[in-house]
Number of protein chains: 2
Amino acid sequence: MEANNNFARQLQGLPEGQSLENCPVRQVMQGIFSKWSTLLLQALGERPYRFGELRRLVPDISQRMLTQTLRDLERDGYVYRTVHPTKPPSVEYGLTSLGQSMLVPLKELVDWATSNFSDVRAARDAYDADANG
Amino acid sequence: MEANNNFARQLQGLPEGQSLENCPVRQVMQGIFSKWSTLLLQALGERPYRFGELRRLVPDISQRMLTQTLRDLERDGYVYRTVHPTKPPSVEYGLTSLGQSMLVPLKELVDWATSNFSDVRAARDAYDADANG
DNA sequence: CAGAATCCTCTACGATACTG
DNA sequence: CAGTATCGTAGAGGATTCTG
């Protein structure tokens, strides 16, 4: 019995004959792990925020990417967007129940990253030192 | 009291005065979520594999990216690499204890993605349909 | 206030060819 | 077998300017 070419598919819960390009796991993951999404999801996990509040909360993000990331998160169903027709307008963003559900395992990974960053950094430094030595 | 500019830093466990660019959480995350890393980590979570075995396991990956992803995972301390000086050479890859530790929360996220993909897809379809309507 | 539009850069990734 | 080296492309993301 040779190595099974469908192993990767099985790992990702992919039905037979479907490409890895459309892999469910990857599709979900790529939505969560754009440059700013994890940070924004964590912020919205505390309470809903308005657009301008989020800008001040995460001053390093460009306006363009804030808009786009929020749109992507909205599209995937993690975030709702409510426009209050005031003047000037005010827009509120918050987590949907799907977003709250997803944030649970995501937070565990974030916690792991926080707790084990020193080990990762040490491994990196050792690897790089070895390459230069 | 205006919105606190250091909120994002606090969320990511960043000490005062340190840039988000070097944020521990993001540094760890970006290592885990390159295009192929999650898949490879899951594979190596089963048992160690040789380079060629991994290629056959994940036929869609290019040789270049397989090498590079494994190197990155090795650099971050998740994966070990053992060269057996046979002829022709054989190289074994496997999870370190750090990698096994990280795979625990990662798997929970993968499981969430698998379980909730239909909801995410439904949200996407609804969003896209609305945009075209 | 909350964005849309445009332009530009940088890097992730793939394809291909070669090697100890 | 397990890579390295080189080239080319698409997309992510930043900076800037304009608007209902």
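Below, chains carry the letters A, B, ... as their sequence lines are ordered, and counting in each starts from 1. Quantities reported herein were computed from a predicted structural model and do not represent experimental measurements.
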Exercise. Listed by chain and number, what are the side-chain hydrogen bond (donor to acceptor under 3.5 Å, both in side chains) partners of A/Y80, not counting sequence neighbours?
Worked result: A/E92

Exercise. Of the non-hydrogen atoms in A/L109 and B/M102, which two are nearest, and what is the gap between them?
Worked result: CD1-O, 4.4 Å

Exercise. Considering only heavy atoms, which members of residues 77-91 of chain A lie under 4.0 Å from some atom of DNA chain D?
Worked result: A/P89

Exercise. For A/F33, what residues pass the ring-ring contact (aromatic ring centres under 6.0 Å, His included) criterion, not counting sequence neighbours?
Worked result: B/F33

Problem set entry | Length of the CD-P vector between A/Q30 and D/dG13, whole Å | 11 Å

Seminar exercise, completed: When rounded to the nearest 0.5 Å, the distance separating SG of B/C23 from CG of A/L39 is 7.5 Å

Exercise. Atom CG of B/L54 and atom P of D/dG3: how far apart are they, to the nearest Å?
Worked result: 10 Å

Exercise. Is any side-chain heavy atom of B/Q63 closer than 4.5 Å to a side-chain heavy atom of B/F51?
Worked result: yes

Exercise. Can you check the B/E92 CD to D/dG3 P distance for me, whole Å?
Worked result: 12 Å

Problem set entry | Strand DNA chain D in bracket notation, Watson-Crick/G-U under 3.5 Å with | for pairs to another chain | ||||||||||||||||||||

Exercise. Given side chains that start at C-beta, do those of B/L70 and B/L54 come closer than 4.5 Å, heavy atoms only?
Worked result: yes

Problem set entry | Interatomic distance, B/R56 CZ vs D/dA2 C1' [rounded to whole Å] | 12 Å

Exercise. Among all residues two or more places apart in sequence or in another chain, which pass the side-chain hydrogen bond (donor to acceptor under 3.5 Å, both in side chains) test with A/Q68?
Worked result: A/R64

Problem set entry | Partners meeting side-chain contact (heavy atoms from CB on, under 4.5 Å) with B/R81 (sequence neighbours left out) | B/R71, B/E74, B/V83, B/V91, B/Y93

Exercise. For B/Q27 and A/R124, what are the C-alpha separation, side-chain angles and deciding distance, and is it a side chain to side chain donor-acceptor pair (under 3.5 Å)?
Worked result: CA-CA 11 Å; B/Q27 280 193 51; A/R124 249 177 230 190; 2.9 Å; yes

For this session: Starting at atom CD of A/Q63, determine the distance to atom C1' of D/dG14, rounded to an integer number of angstrom.
Result: 12 Å

For this session: May I ask you to evaluate whether A/Y93 reaches the phosphate of C/dC1, defined as a side-chain N or O under 4.0 Å from OP1 or OP2?
Result: no

Problem set entry | Within residues 65-73 of chain B, residues whose heavy atoms come under 4.0 Å of DNA chain C | B/M65

Problem set entry | Base C/dA2 to side chain A/E53, donor-acceptor N/O within 3.5 Å cut-off | no

Exercise. In whole Å, what is the span from the CD atom of B/E74 to the C1' atom of D/dA2?
Worked result: 14 Å

Problem set entry | Heavy-atom closest contact (B/V25 atom, A/A113 atom, distance) | CA-CB, 4.2 Å

Exercise. Across the strands shown, which category fits A/R50 at heavy-atom distances under 4.0 angstrom: base, sugar-phosphate, nothing?
Worked result: sugar-phosphate

For this session: For B/T69, enumerate each residue passing the side-chain contact (heavy atoms from CB on, under 4.5 Å) test, keeping only those at least two apart in sequence or located in another chain.
Result: B/S34, B/W36, B/S37, B/L40, B/M65, B/L73

Problem set entry | Test salt bridge (Lys or Arg N to Asp or Glu O under 4.0 Å) applied to B/R50 - qualifying residues, sequence neighbours left out | none

For this session: State which residues pass side-chain hydrogen bond (donor to acceptor under 3.5 Å, both in side chains) with B/N116; sequence neighbours excluded, sorted by chain then number.
Result: B/W112

Problem set entry | For B/E108, all residues meeting side-chain hydrogen bond (donor to acceptor under 3.5 Å, both in side chains), sequence neighbours excluded | none

Provide a list of protein-nucleic acid N or O atom pairs under 3.5 angstrom, restricted to nucleotides 6-10 of chain C.
none

